[in-house]
Amino acid sequence: VLLILAAVQFLHIVDFMLIMPLGPEFFRRFDITPQQFGFLVTAYTFSAALCSFLVAFVIDRFDRKHALVVFCTGFSIATLLCALSVDYLTLLCSRAVAGMFGGLLSATVFSIIADLIPQVRRGKAMGTVMSAFPFAAVAGMPIGLLLVNTLNWRAPFIMLTVLGFLIALRAGRILPK
């Protein structure tokens with residue numbers, strides 16, 4: 001269970017971090033300004049914050065397992081939309097949708113930990129899941145950049161899409177209701 005939750009964290013952290021090193025490619029490809037690139041980076045964060053706030057009022061009506069699977073699937077679709085973007089506006093909107101689901105994924109992961117793990121073991125469980133952050137920086141980013149350099153800028157988004165769908169399927173099987 002903790003490995004699935006850590007994989008979810010890894011997935012959306014790599015997606016969030018990957019946009020920064022792709023800046024020069026986006027400047028060339030979409031002919032954007034630094035300000036427009038700033039919007040591209042922050043669209044994810046603002047969307048995550050806004051959507052998480054709004055969903056907080058209704059999320060407790062739903063089973064956390066199903067919510068995680070739906071959010072992970074939505075995140076994967078949004079990441080695929082990023083890979084399929086043909087212009088700046090499409091990429092900007094896709095990043096906002098990915099942020100919306102990414103923020104919900106993170107909150108849902110921690111809710112599941114709080115529900116499933118006894119209080120005396122919760123700190124260790126949180127540490128295990130939070131290890132996805134440095135792993136995303138140490139392994140996820142270099143792999144993503146390798147894909148960019150060997151294939152193209154869309155490749156890491158496609159990789160994250162495939163991983164997201166696989167994680168959603170596995171979460172649907174492994175996580176308890």
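Hydrogens, waters and symmetry mates are skipped; everything else that's a heavy atom, side chains included, is used.
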| Heavy-atom donor-acceptor pair, S85 side chain to L81 backbone, under 3.5 Å | yes
| message | One pair to check against side-chain contact (heavy atoms from CB on, under 4.5 Å): F133 and M17. What are the steps and the verdict? | response | CA-CA 10 Å; F133 283 84; M17 292 170 59; over 6 Å; no
| said: Quick check: is L3 connected to V109 through a chain of hydrophobic side chains (ILVMFWY, heavy atoms under 4.5 Å apart)? | reply: no
| remark: Residues V148 and P156: closest non-hydrogen pair is CG2-CG, 3.5 Å
| request: Can you measure from CD1 (I77) to OG1 (T161) and round to the nearest 0.5 angstrom? | output: 9.5 Å
| query | At what distance, to the nearest 0.5 angstrom, does CZ of F75 lie from CG of L160? | reply | 6.5 Å
| Looking only at heavy atoms, which two atoms of L92 and A43 are closest? And how far apart? | CD1-CB, 3.7 Å
| said: Are there over 12 heavy-atom neighbours, none belonging to L166, within less than 6.0 Å of that residue's CG? | reply: yes
| request: Is it possible for you to say whether L169 and V162 belong to one hydrophobic cluster, with membership spreading through side-chain heavy-atom contacts below 4.5 Å? | output: no
| Worked check of side-chain contact (heavy atoms from CB on, under 4.5 Å) between C72 and L105 | CA-CA 7 Å; C72 195; L105 276 174; 4.0 Å; yes
| query | For R121, does the CZ atom have more than 12 heavy-atom neighbours from other residues, nucleotides or ligands under 6.0 Å away? | reply | no
| N/O donor-acceptor pair under 3.5 Å between K65 side chain and A171 backbone | no
| field | OG1 on T108 to NE2 on H66, rounded to 0.5 Å | value | 13.5 Å
| said: On a heavy-atom basis, which atom in R122 and which in I117 lie closest, and how many Å separate them? | reply: NH2-O, 3.0 Å
| query | With hydrophobic residues grouped by side-chain heavy-atom distances under 4.5 Å, do L104 and L54 end up in a single group? | reply | no
| Hey, is CZ on R154 packed in by over 12 heavy atoms from elsewhere, all under 6.0 Å? | yes
| query | Ignoring hydrogens and geometry, is there a side-chain-to-backbone donor-acceptor pair from S76 to F165 under 3.5 Å? | reply | yes
| What's the spacing between I174 CD1 and L5 CG if we round to 0.5 Å? | 10.0 Å
| field | Intermediate values then yes/no, side-chain contact (heavy atoms from CB on, under 4.5 Å), F71 and L68 | value | CA-CA 5 Å; F71 296 155; L68 184 81; 5.8 Å; no
| remark: Of all heavy-atom pairs linking F30 and W153, the shortest is CZ-CZ2, 4.0 Å
| task | Find the distance between CZ (F37) and CD1 (I19) and round it off to the nearest 0.5 Å. | result | 6.0 Å
| task | Step through the shown structure and confirm whether more than 12 heavy atoms of other residues, nucleotides or ligands are within 6.0 Å of CZ on F46. | result | no
| Linking I/L/V/M/F/W/Y whenever any side-chain heavy atoms sit under 4.5 Å apart, do V69 and F10 land together? | no
| request: Would you check if the side chain of S131 reaches a backbone N or O of T128 as a donor-acceptor pair within less than 3.5 Å? | output: yes
| Minimal non-hydrogen separation, I167 against I4, with atom names | CG2-O, 4.4 Å
| Residue F26 excluded, over 12 heavy atoms near CZ under 6.0 Å | yes
| For the atom pair CG (N152) and CZ (R29), what is the distance rounded to the nearest 0.5 Å? | 7.0 Å
| Do the non-hydrogen side-chain atoms of L80 and F157 ever get within less than 4.5 Å of each other? | no
| request: Spell out, as yes or no, whether a donor-acceptor pair under 3.5 Å connects the side chain of Y88 to the backbone of Q36. | output: yes
| message | Under the salt bridge (Lys or Arg N to Asp or Glu O under 4.0 Å) definition, can you give me all pairs with a residue in residues 74-100, not counting sequence neighbours? | response | D15-R95
| query | Would L11 and V1 show up in the same hydrophobic cluster when neighbours are defined by side-chain heavy atoms closer than 4.5 Å? | reply | yes
| request: Heavy atoms only: give me the nearest R64-I112 pair and the separation to one decimal. | output: CB-CG1, 3.7 Å
